[in-house]
Number of protein chains: 2
Amino acid sequence: MDATGGGTATRIREAAIARFGRDGFDAGLRAIAADAGVTAGLVVHHFGSKDGLRRACDARVLRLIREEKAKTLTSGTSEMLLTQLAEVERFAPLVLYLLRSLQAGGELAAELIVQLTTDAEKYLTAGEAAGVILPSRDRAARARYLAYQSAGGMLLWFTLHGVGAPGTFRTAFRQYVDEVTQPALELFAQGLLVDRTMLDDFLMQVPDPPEDGSPSAS
Amino acid sequence: MDATGGGTATRIREAAIARFGRDGFDAGLRAIAADAGVTAGLVVHHFGSKDGLRRACDARVLRLIREEKAKTLTSGTSEMLLTQLAEVERFAPLVLYLLRSLQAGGELAAELIVQLTTDAEKYLTAGEAAGVILPSRDRAARARYLAYQSAGGMLLWFTLHGVGAPGTFRTAFRQYVDEVTQPALELFAQGLLVDRTMLDDFLMQVPDPPEDGSPSAS
DNA sequence: AGCTACGTTAAACAGCCGTTCAACGGAAGG
DNA sequence: CCTTCCGTTGAACGGCTGTTTAACGTAGCT
């Protein structure tokens with residue numbers, strides 16, 4: 001029932017994820033139904049409404065993310081990242097769906113950013129403990145900043161480069177990584193400014209550094 | 001003819017910019033027409049089609065940007081930035097329209113990113129010449145990276161915080177700046193990593209540094 | 001005055017949308 | 001065998017979309 005090959009409802013949901021990822025959430029029910037080889041009426045019969053279908057897709061994608069993340073955590077640590085990057089096209093429909101979600105906003109997008117922020121904060125903590133990452137005055141704010149910037153930059157890049165057509169994803173993703181890696185590493189390794197005067201000036205204006213683990217914003 | 005108070009077509013265009021900014025480009029012609037106090041037929045009579053109206057809005061917004069940018073360049077340099085930030089709500093409809101353009105893609109969005117990238121590169125060049133910014137191995141790539149990250153991060157933040165309702169803009173913008181400034185300054189001033197091993201490892205794998213002024217990507 | 005041109009409206013049109021309904025087919029259970 | 005249920009279909013409905021068309025009024029020109 002839960003296997004990949006399974007029932008008609010599963011096939012419809014999978015087709016919806018792919019179609020939503022390609023065309024955005026304005027895609028029609030009839031197009032999705034045609035992709036799944038069924039009729040529009042059957043879709044709403046199984047999922048109640050288009051919004052129900054959307055929520056089912058969101059739940060499915062969120063579940064896949066959690067499963068894949070758990071799989072990554074239990075298995076390798078560093079080299080796994082490269083192999084996962086290599087088989088990124090296997091996750092192309094999922095990533096496209098996620099990008100559309102970020103583009104449209106909504107609960108799944110918010111949850112994704114929360115997860116990205118949480119993960120980033122973990123990595124920052126581990127990196128500081130290992131002595132490879134400089135500590136921040138507000139680790140939570142830094143994690144949130146990094147999550148928004150990286151996800152938003154990728155979203156904007158894919159939006160402007162008109163991603164969506166099948167088969168384009170792997171090439172586009174590779175190009176994006178190629179364009180971004182060096183400037184990002186440069187910025188992370190040496191910063192941008194030669195001294196700290198701008199930062200210190202700002203810190204003089206904002207006199208309260210956060211002290212304990214309380215979050216710095218909602 | 002070009003003044004703000006002017007003709008009906010101008011009023012329709014202005015209403016369209018505001019409505020597109022609030023509701024996105026899926027907003028109906030009748031809603032725009034009602035905002036302008038006219039009928040839907042008149043809109044298409046003046047602009048040919050909805051796409052014509054959209055193009056007119058794009059052109060108008062682009063013209064406003066160029067005018068405002070020229071005004072900023074000819075007048076003050078640094079303190080002007082703060083006063084301009086203070087009266088940001090005067091440009092709220094324009095910025096909302098721009099965010100919707102970035103969200104949807106298209107020519108205006110691409111042009112905007114090009115302008116941001118070009119400006120960033122100028123600032124980087126000036127900063128390097130003044131000795132306050134560390135030079136990059138690929139200044140164009142760095143400028144493009146910064147443009148995508150900053151614009152994309154802001155776009156994503158506003159998308160997830162459901163901006164669009166009138167009057168919300170100033171508060172939301174202020175909150176975004178407050179959240180982003182410190183982590184960004186920290187990152188720009190000190191970077192993220194304690195040493196350059198990751199950067200050097202990457203530079204070893206990619207043996208060709210760009211040499212002259214030729215762009216590093218299309 | 002008559003004519004023309006233009007801004008403007010209201011109504012109608014075709015098309016797509018999500019959703020509803022009645023009916024059909026086949027399999028399962030009594 | 002008959003019945004009951006469930007997956008599935010095709011057609012229909014109301015509503016919204018962008019666009020077209022005919023008509024109306026008015027201003028300006030001859």
Side-chain angles (χ1 to χ4, degrees), chain A residues 1-60 97 100-101 103-108 164, chain B residues 1-60 97 100-101 103-108 164:
Chain A
M1 312 168 178
D2 202 18
T4 54
T8 313
T10 307
R11 186 156 32 93
I12 294 176
R13 174 161 44 83
E14 223 72 12
I17 292 177
R19 175 62 74 161
F20 279 146
R22 271 194 271 278
D23 299 352
F25 295 109
D26 294 335
L29 277 186
R30 287 166 176 84
I32 297 173
D35 289 348
V38 295
T39 342
L42 190 60
V43 179
V44 42
H45 170 254
H46 274 302
F47 296 94
S49 67
K50 185 181 182 177
D51 204 68
L53 174 63
R54 165 99 191 260
R55 264 178 282 130
C57 292
D58 281 11
R60 170 67 173 170
Y97 186 91
R100 292 294 183 186
S101 295
Q103 205 171 23
E107 292 188 22
L108 177 62
Chain B
M1 314 169 179
D2 203 16
T4 53
T8 313
T10 307
R11 185 156 33 93
I12 293 176
R13 175 161 43 82
E14 224 71 12
I17 291 177
R19 177 60 73 161
F20 280 147
R22 272 194 269 280
D23 299 352
F25 295 109
D26 294 336
L29 276 186
R30 286 166 177 85
I32 297 173
D35 289 348
V38 295
T39 341
L42 190 59
V43 179
V44 41
H45 170 253
H46 276 302
F47 298 94
S49 66
K50 184 181 183 178
D51 204 68
L53 174 63
R54 165 103 191 255
R55 262 173 306 186
C57 292
D58 281 10
R60 169 68 174 169
Y97 185 92
R100 292 295 181 185
S101 295
Q103 205 170 24
E107 292 187 22
L108 177 61

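Sequence lines set the chain letters: A, B, ... in the order given, protein chains first and strands last, and positions in each chain run from 1.
Using five terminal pairs a side, the axes of the helix from dA1(C)-dT30(D) to dG30(C)-dC1(D) at its two ends make an angle of 20°, given in steps of 10 degrees.
Residues that satisfy the salt bridge (Lys or Arg N to Asp or Glu O under 4.0 Å) test with R22(B), not counting sequence neighbours, are absent from this structure. In this view, E14(B) and T10(B), R60(B) satisfy the side chain to side chain contact (heavy atoms under 4.5 Å, CB included) rule, not counting sequence neighbours.
Of all heavy-atom pairs spanning I17(A) and Y97(A), the tightest one is O-CD1, 3.7 Å.
Remark: side-chain polar atoms of Q103(A) are paired, donor with acceptor, to backbone N or O of Q103(B) under 3.5 angstrom.
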Distance-only check: which donor-acceptor pairs under 3.5 Å involve side-chain atoms of residues 43-53 of chain B, not counting sequence neighbours?
residue	atom	partner	partner atom	Å
S49(B)	OG	D51(B)	N	3.4
S49(B)	OG	G52(B)	N	3.2
K50(B)	NZ	F25(B)	O	3.2
K50(B)	NZ	A27(B)	O	2.9

Show me the donor-acceptor pairs, under 3.5 Å and distance only, between side chains in residues 30-39 of chain A and residues at least two apart or in other chains.
residue	atom	partner	partner atom	Å
D35(A)	OD1	R19(A)	NH2	3.0
D35(A)	OD2	R19(A)	NE	2.7
D35(A)	OD2	R19(A)	NH2	3.0

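Of all nucleotides in DNA chain D having an atom under 4.0 Å from a heavy atom of chain A, the first and last in 5' to 3' order are dG7(D) to dA12(D).
Straight-line distance from the CD1 atom of I12(B) to the C1' atom of dG7(C): 10 Å, rounded to whole Å. Following rounding to the nearest Å, H46(B) (NE2) and dG7(C) (C1') show an atom-to-atom distance of 6 Å.
Atoms CZ and CZ, from R54(B) and R13(B) in turn, are 15.0 Å apart once rounded to the nearest 0.5 Å.
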Contacts under 3.5 Å, N or O only, protein and nucleotides 18-22 of chain C:
residue	atom	partner	partner atom	Å
dG18(C)	OP1	K50(A)	NZ	2.6
dG18(C)	OP2	L29(A)	N	2.8
dG18(C)	N7	R30(A)	NH1	2.9
dG18(C)	O6	R30(A)	NH2	2.8
dT19(C)	OP2	K50(A)	N	2.7
dT19(C)	O4	R30(A)	NH2	3.4

